[in-house]
Structure formats: structure tokens, C-alpha cells
Amino acid sequence: MIDSGDTAFIIICTAMVMLMTPGVGLFYGGMVRNKSVISMIALAFVAFAVVSIQWVIFGYSLAFGPDIGGFIGGLDHFALNGVGLDGDGIPDILFMVFQLVFAGLTLAILTSGMAERVKLSAFIVFGLLWTTLVYDPLAHWAWGGGWASQLGALDFAGGTVVHISSGFGALAAALIIGKRLGFGQETMKPANIPLTLLGGALLWFGWFGFNAGSELAADGIAANAFVVTNIAAATGALTWMFASWYHGKPSSLGMISGAIAGLVAITPAAGFVNVMGAIAIGLVAGLLCYGALLFRVKKGLDESLDAWAIHGVGGFWGAIATGIFCVATIGGVDGLLYGNPEQFGIQLLDAVVAMVYAFVVTYVIALVVEKTIGLRVPEDEEYVGTDIAQFGESLL
Amino acid sequence: MKKVEAIIRPERLDKVSEALLGNGFHAMTVTEVRGRGKQKGIALQFRGKEIMVDMIPKVKIEIVLEDELVDKVIDIIRTNAQTGKNGDGKVFVYDIEKSIGVRAE
């Protein structure tokens with residue numbers, strides 16, 4: 001039985017989540033150098049387009065088809081076979097496209113690890129392999145009836161599926177593709193901070209659809225998810241800003257990064273925690289992700305735009321924080337803080353497995369693409385910039 | 001009095017500027033410019049066709065100073081701007097007739 005209110009709500013949420021993908025593009029585009037802004041934004045759109053097609057042909061089925069050994073879905077829904085206009089509450093085809101926009105966004109986040117140096121052709125091949133071999137199984141584990149959901153792991157809107165996967169994937173990809181030319185010797189000044197702030201605003205806005213929509217109904221849990229999403233983002237923005245203020249200037253880039261860290265961390269918890277839990281989650285996320293960024297810089301890792309520090313580490317924290325702060329009065333499950341350490345154990349296991357799987361498999365995929373068609377542009381192309389070299393366009 | 005005008009790689013500006021500062025040369029004017037040298041820019045292969053990127057971003061540093069300091073400044077700029085590859089840039093030296101501060105004295 002289709003509910004028109006729920007359906008209307010999820011259609012709008014889906015459109016909001018779609019906007020997060022170009023949002024990531026603008027967020028990243030503002031942080032790279034002048035010569036790579038266009039290509040950085042374009043990669044997000046390319047990710048979205050590639051995954052859109054993959055998803056309707058077999059990605060959706062791999063994630064949400066009948067369970068095979070707790071690991072992956074079967075191909076029963078190949079080419080959307082049996083995914084129609086009817087459904088439970090919302091049409092099946094709407095659930096499919098709501099999940100599609102998540103999948104597209106996840107690959108867009110991962111472009112951080114290859115910023116300013118990836119070959120477009122190699123990225124398309126990598127993206128197809130990645131979304132098939134990493135994203136689809138993780139989505140199945142959390143939401144499609146796989147082992148994590150059988151175990152009772154909570155992941156409301158994709159802490160493991162979207163954020164741990166893309167964050168640790170970006171780190172693995174960065175290790176294979178190598179540092180940008182001149183990394184560590186030259187200052188790589190961001191091209192346009194307002195562009196990044198605009199991208200961050202679109203992310204914050206879209207995240208309401210991302211988290212509230214994950215309830216798949218217009219009800220109290222959706223409203224709770226909306227509220228805690230905003231609270232965690234605000235807390236993360238302030239704590240990262242204060243932490244960077246302590247180290248020098250309260251940069252706007254730090255403030256918006258903190259907001260995203262808060263949004264990432266609340267994602268798996270949004271349907272299970274109250275406002276006080278959200279404040280705690282956002283507070284730790286702001287400090288922890290800022291610390292992860294400092295650690296990355298100190299180690300000389302060129303995971304250029306910090307998908308690892310923000311999405312990877314923030315997602316990991318969010319997954320275990322869900323097991324700490326969840327309350328039965330909201331999502332029906334108590335966490336560590338309310339006398340249920342078992343849930344914390346399940347969350348920890350889920351997060352660790354997702355992290356290791358995403359890192360290792362991405363590493364192998366990137367290595368295979370590197371050894372066959374090559375992941376990186378030639379040196380002179382990188383010098384003049386991927387905008388002109390890969391897209392034949394330039395900002396100036 | 002002379003003016004030293006150096007066209008260098010933009011990514012080397014910070015290094016050059018720090019080295020100049022470290023040697024007591026504070027005053028300079030920097031302009032973002034684009035241009036090409038002897039190699040006529042950079043030729044890239046893209047999907048089977050060649051594209052010529054012939055106006056490459058550079059920065060121009062201008063420093064006006066006493067004659068006897070010119071060689072030292074050129075030396076600092078060259079050591080810090082050099083990569084050994086095409087496109088490292090060029091240094092020019094001009095005669096300056098006068099130098100007048102704008103602020104009233």
C-alpha cells in the first residue's frame with residue numbers, strides 16, 4: 001500500500017541527496033589549485049552519471065537482491081526486473097532511486113584521494129569496479145539483509161556504507177596514485193574558499209534528506225533524524241573551529257570541515273540517538289577529525305582533500321558512537337551508556353570489518369587499474385593542470 | 001640603481017620570497033602573468049590529437065635595488081626557482097633613473 005505522504009517526502013529527499021554530489025564537487029573544487037577546479041567538480045558529476053547507470057543495471061540488485069551467504073545480493077533484480085511502481089509505503093522504484101543517489105555520492109567523496117592527478121578514463125574504470133566490489137557489498141551488509149544487519153548492527157543512513165567506505169577507499173587510492181607533484185614543497189593554495197563554503201552549504205542542506213529520508217517515511221523518527229543531524233553539524237563546526245583557532249586562525253575552511261565531520265558522524269546514529277547524544281557525537285567528531293587531518297599532514301600523506309580524515313575517521317567514530325549513545329525510546333535499542341555493551345561490540349565489529357574491507361579491496365582495484373591502463377596523468381599534464389589537459393577547459 | 005625582473009614558476013614563488021626575506025631583501029612587487037618561452041609552451045596528447053598549451057601561468061617578481069646587490073639577488077632567485085626543466089623562467093636587469101617614495105617626507 002503506497003502512502004502518498006511518505007512518497008512525496010522521499011521524492012524530495014532523493015532530490016536533496018542528489019544535490020550533495022555536485023555539492024561535494026564544489027566543496028573539493030574550491031580547495032584545489034586554479035588549474036584543477038573544473039576537473040575536480042566534473043569528477044563528481046562523472047561519478048554520479050557512471051554510478052546511476054551501474055546501479056539500475058546490476059548495482060541495485062547486488063545490494064538489495066536476495067541474500068547470498070550474508071555477503072552480496074543476487075541478480076534477480078538485474079535491469080530493475082521486478083522493481084515497480086508498487087511497494088510497502090513508498091514505490092519500490094523510489095526506494096531504488098533513493099539508494100542510487102547515495103551510491104553516486106559515495107564515489108564522488110572518494111575523488112578526494114586522486115585530486116588533481118587522475119586520468120578521467122582510468123577514473124571511470126576504477127569507479128565502476130569500486131562501486132561494484134566495495135559499495136554494493138557494503139550496502140548489502142547494512143541494509144540488504146547481509147551479515148551486519150543479521151547481527152543487529154545499526155547504520156541508519158550509511159556510516160559504514162557511505163563514509164567509512166569512501167574515506168578509507170580514498171586513503172588506499174591516494175597511496176597507489178602517489179602524491180601530487182611538489183606536494184610538501186610547494187604551498188598548494190586553495191583556488192576559491194567561497195566555492196568550498198557553497199559546496200559545504202549544499203552538503204549540509206542535502207544531508208537533511210540523506211538522514212531524515214533514511215527513515216523511508218514522514219514520521220517522528222524522520223523528524224528526530226533531521227534535528228540531530230543539524231545539532232551534530234553545528235557542534236562539529238564549532239569544535240573544529242575552536243580547535244583550529246587555538247592553533248592559529250579560526251579558518252572558515254576548518255569551520256565547514258567540522259560541520260561535515262559532525263554530519264558524517266551523526267549519519268549512522270540519526271535514527272537512534274537524542275539531541276544530547278548528537279551534541280556528544282558532533283563534539284568528538286570535530287576534534288577527532290581535526291586531529292586526523294593534522295596526523296595525515298604530519299605523515300606526509302597526500303589524501304588531498306581529507307575524505308579519510310573527515311569521512312573515514314568521522315564515519316568510524318559515528319558507527320561506534322551509535323553503539324554508545326543509542327536510546328531505546330527513540331530507535332528501540334539501548335547503547336553502552338544505557339547498559340547495553342553488547343550493541344557497542346556489534347558496532348565496533350561492523351566498523352572494523354567495513355574499514356578493512358574497503359581499504360584492502362580499494363587498494364587492489366587501484367593497483368590493478370594502475371598496472372593496466374595507468375591511474376595517473378603524465379607529468380606535463382599534471383603540471384599544466386587536469387582542467388586543460390583532461391577536459392580542454394580552463395577557469396582563467 | 002637597477003631593477004631585477006624575474007619571470008618564474010608560480011609554485012616557486014614562496015621559496016624565492018622566503019630566501020629573499022632571509023637575506024634582507026624585503027621590497028618586491030609580484031604580478032601573475034602568462035606567457036611562453038623558447039619551447040613555445042607545452043604540447044599535450046589528448047585522445048589522439050595534440051593540444052598546445054602555449055600560455056603558461058608564471059609570476060613576475062620586480063625588485064629595485066643598488067647596483068652592487070644585483071648579482072646577489074639574481075643568485076638567490078636562480079637557486080630557489082630552478083627545477084632544471086624547461087619553463088624555469090628568465091631574469092632581466094634594467095637601469096632605473098630615479099626612485100621616489102610616495103609617502104610625504
Side-chain angles (χ1 to χ4, degrees), chain A residues 29 31-40 42-43 46 115-125 178-193 248 297 300 302 304 373-396, chain B residues 6-23 25-26 28-61 76-91:
Chain A
M31 278 196 279
V32 295
R33 289 166 291 176
N34 270 329
K35 59 186 184 180
S36 322
V37 175
I38 295 170
S39 57
M40 203 67 231
L43 280 184
V46 170
E116 304 197 77
R117 56 204 188 279
V118 71
K119 227 158 59 181
L120 180 61
S121 55
F123 174 72
I124 293 171
V125 174
K179 295 171 193 181
R180 285 171 291 176
L181 286 176
F183 177 77
Q185 288 127 43
E186 301 156 12
T187 47
M188 296 186 166
K189 238 179 74 187
N192 192 330
I193 302 280
V297 173
D302 192 11
S304 319
I373 58 173
L375 207 49
R376 189 166 179 152
V377 295
E379 199 176 308
D380 53 354
E381 288 199 17
E382 190 177 336
Y383 181 70
V384 295
T386 41
D387 282 3
I388 194 100
Q390 290 285 301
F391 291 87
E393 294 161 326
S394 71
L395 197 60
L396 304 171
Chain B
I7 316 261
I8 62 165
R9 294 174 185 273
E11 64 269 24
R12 289 284 165 151
L13 175 63
D14 287 334
K15 215 176 155 195
V16 170
S17 159
E18 271 167 38
L20 287 168
L21 212 55
N23 284 281
F25 299 101
H26 300 262
M28 65 195 275
T29 305
V30 174
T31 322
E32 288 182 13
V33 295
R34 299 199 304 152
R36 63 179 170 227
K38 279 195 294 244
Q39 293 75 28
K40 298 180 284 186
I42 298 177
L44 300 174
Q45 291 295 325
F46 186 61
R47 294 185 186 141
K49 59 177 199 256
E50 188 170 271
I51 43 172
M52 199 68 194
V53 181
D54 70 346
M55 286 295 157
I56 297 171
K58 299 282 167 191
V59 293
K60 183 169 78 177
I61 303 176
I76 294 169
I77 293 173
R78 290 195 65 217
T79 357
N80 290 288
Q82 215 168 66
T83 67
K85 291 183 201 140
N86 289 340
D88 273 355
K90 206 96 176 164
V91 181

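Every chain is numbered from 1, with letters handed out A, B, ... down the list of sequences. Reckoned from all heavy atoms, side chains included, excluding hydrogens, waters and symmetry mates.
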- Message: Taking atom CZ as the centre, does A/R376 end up with more than 12 heavy-atom neighbours from other residues, nucleotides or ligands that are less than 6.0 angstrom away?
- Response: yes
- Message: What's the separation between atom CD in A/Q185 and atom OG1 in B/T83, rounded to the nearest 0.5 Å?
- Response: 11.5 Å
- Message: For A/K35, is there an ion pair with B/E11 - N to carboxylate O distance below 4.0 angstrom?
- Response: no
- Gap separating the CD atom of B/E32 from the CG atom of A/N34, nearest 0.5 angstrom: 7.0 Å
- Task: To the nearest 0.5 Å, tell me how far A/I388 CD1 sits from B/M55 CE.
- Result: 12.0 Å
